[in-house]
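I have placed the structure first, in the form of structure tokens, so that the comments after it can refer back to it.
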Amino acid sequence: MTAVANELKPILVFDSGIGGLTVLREARVLMPERGFIYVADDAGFPYGGWEEQALKDRIVDLFGKLLAEHDPEVCIIACNTAFTLVGADLRAAFPQMTFIGTVPAIKPAAERTRSGLVSVLATPGTVKRAYTRDLIQSFATQCHVRLVGSENLARLAEAYIRGDAVSDEAVLAEIDQCFVEKDGRKTDIVVLACTHYPFMANIFRRLAPWPVDWLDPAEAIARRARSLVPQAVDAVHPDNFDFAMFTSGAPDFPTRRLMQGFGLRA
Ligand code: DGL
């Protein structure tokens, strides 16, 4: 039987702000038949500096409402800061739902590095998570991993994407800790462990003191989601379905314009 497109449940993509759009854009390529709901907890942005228990409670509570309201097929938590903290709690609180997470791509970086020097650029929250330390312990003990917790980069990425001017000095001050030289070797991979950062990858490349691979996990997350979402042969994307929700209830004009650019109704 041919599946009818609008009978398919949508995919919910979640982030604290606009960073999850970097994952949404890959997910859409692989799941063109699905509708997408993009949820930005902009009232809680940035997540990087939150106290852990308060952030956990906030996100679990929010998902209680989102799942009841939208009944998605799966949820993609397109936020390292959120998933490394609350992924296990979400799965425990909503066992009937599939959550696809985003975690720092430390394992692929450790497999690919030639110099053995890898840096992880993330929010201060992600850098201090036990989850992140465990990833290093499990997959990268043979490497020298430098964790760089950036206070301002998620905010700068939001400003940049909205069209505000962002100075090279401000960006360089956030990324320069990623570049390590040790015994004649140099960092060759920087993991983009915040979904906001790929939006600025071109600036990073231009400002980098030497060329490195900037590892963006968006495509891998989308592939994982595709593998968990049932294929619907012959289904086509429901017209005009995709939309974005903001917990503030009041995204500003540049943000609404950005959403429109991504084909999302705000
Ligand atoms: N985009 C989020 C992440 O992947 C974090 C941005 C923030 O809220 O600080 O970690």
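Every heavy atom of this structure was used, including side-chain atoms; hydrogens, water molecules and symmetry mates were not. Predicted model only: the values in this text are computed from it and were never measured. One-based numbering, in listed order, for ligands and for the atoms of each.
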Identify all side-chain donor-acceptor contacts of residues 155-162 below 3.5 Å with residues at least two apart in sequence or on another chain.
{"from": "E158", "atom 1": "OE1", "to": "R162", "atom 2": "NH2", "distance (Å)": "3.0"}
{"from": "E158", "atom 1": "OE2", "to": "I18", "atom 2": "N", "distance (Å)": "2.9"}
{"from": "E158", "atom 1": "OE2", "to": "H196", "atom 2": "NE2", "distance (Å)": "2.7"}
{"from": "R162", "atom 1": "NE", "to": "T255", "atom 2": "OG1", "distance (Å)": "2.9"}

## Note on the structure
Across all chains, not counting sequence neighbours, the side chain to side chain contact (heavy atoms under 4.5 Å, CB included) partners of E52 are L85, K128, R129
### Query
Between E33 and R226, does at least one N-O distance fall below 4.0 Å, as a salt bridge requires?
yes
### Message
With no hydrogens and no angle check, just 3.5 Å: does a side-chain donor-acceptor pair link D42 and S248?
### Response
yes
Below 3.5 Å only, please: the N or O atoms of ligand 1 paired with protein N or O atoms, distance on each line.
{"from": "ligand 1", "atom 1": "1 (N)", "to": "D15", "atom 2": "OD1", "distance (Å)": "3.0"}
{"from": "ligand 1", "atom 1": "1 (N)", "to": "D15", "atom 2": "OD2", "distance (Å)": "3.4"}
{"from": "ligand 1", "atom 1": "1 (N)", "to": "T195", "atom 2": "OG1", "distance (Å)": "2.9"}
{"from": "ligand 1", "atom 1": "1 (N)", "to": "H196", "atom 2": "ND1", "distance (Å)": "2.8"}
{"from": "ligand 1", "atom 1": "4 (O)", "to": "N80", "atom 2": "N", "distance (Å)": "2.9"}
{"from": "ligand 1", "atom 1": "4 (O)", "to": "N80", "atom 2": "ND2", "distance (Å)": "3.1"}
{"from": "ligand 1", "atom 1": "4 (O)", "to": "T195", "atom 2": "N", "distance (Å)": "2.8"}
{"from": "ligand 1", "atom 1": "4 (O)", "to": "T195", "atom 2": "OG1", "distance (Å)": "3.2"}
{"from": "ligand 1", "atom 1": "8 (O)", "to": "S16", "atom 2": "OG", "distance (Å)": "2.6"}
{"from": "ligand 1", "atom 1": "8 (O)", "to": "Y47", "atom 2": "N", "distance (Å)": "2.6"}
{"from": "ligand 1", "atom 1": "9 (O)", "to": "Y47", "atom 2": "N", "distance (Å)": "3.4"}
{"from": "ligand 1", "atom 1": "9 (O)", "to": "G48", "atom 2": "N", "distance (Å)": "3.3"}
{"from": "ligand 1", "atom 1": "10 (O)", "to": "N80", "atom 2": "N", "distance (Å)": "3.4"}
{"from": "ligand 1", "atom 1": "10 (O)", "to": "T81", "atom 2": "N", "distance (Å)": "3.0"}
{"from": "ligand 1", "atom 1": "10 (O)", "to": "T81", "atom 2": "OG1", "distance (Å)": "2.5"}

### Task
Test salt bridge (charged side-chain N to carboxylate O under 4.0 Å, His left out) on D252 and R256 and set out the steps.
CA-CA 6 Å; D252 58 16; R256 279 184 278 131; over 6 Å; no
### Message
By the ring-ring contact (aromatic ring centres under 6.0 Å, His included) test, which pairs, at least two apart or in different chains, include something from residues 90-133?
### Response
F63-F99
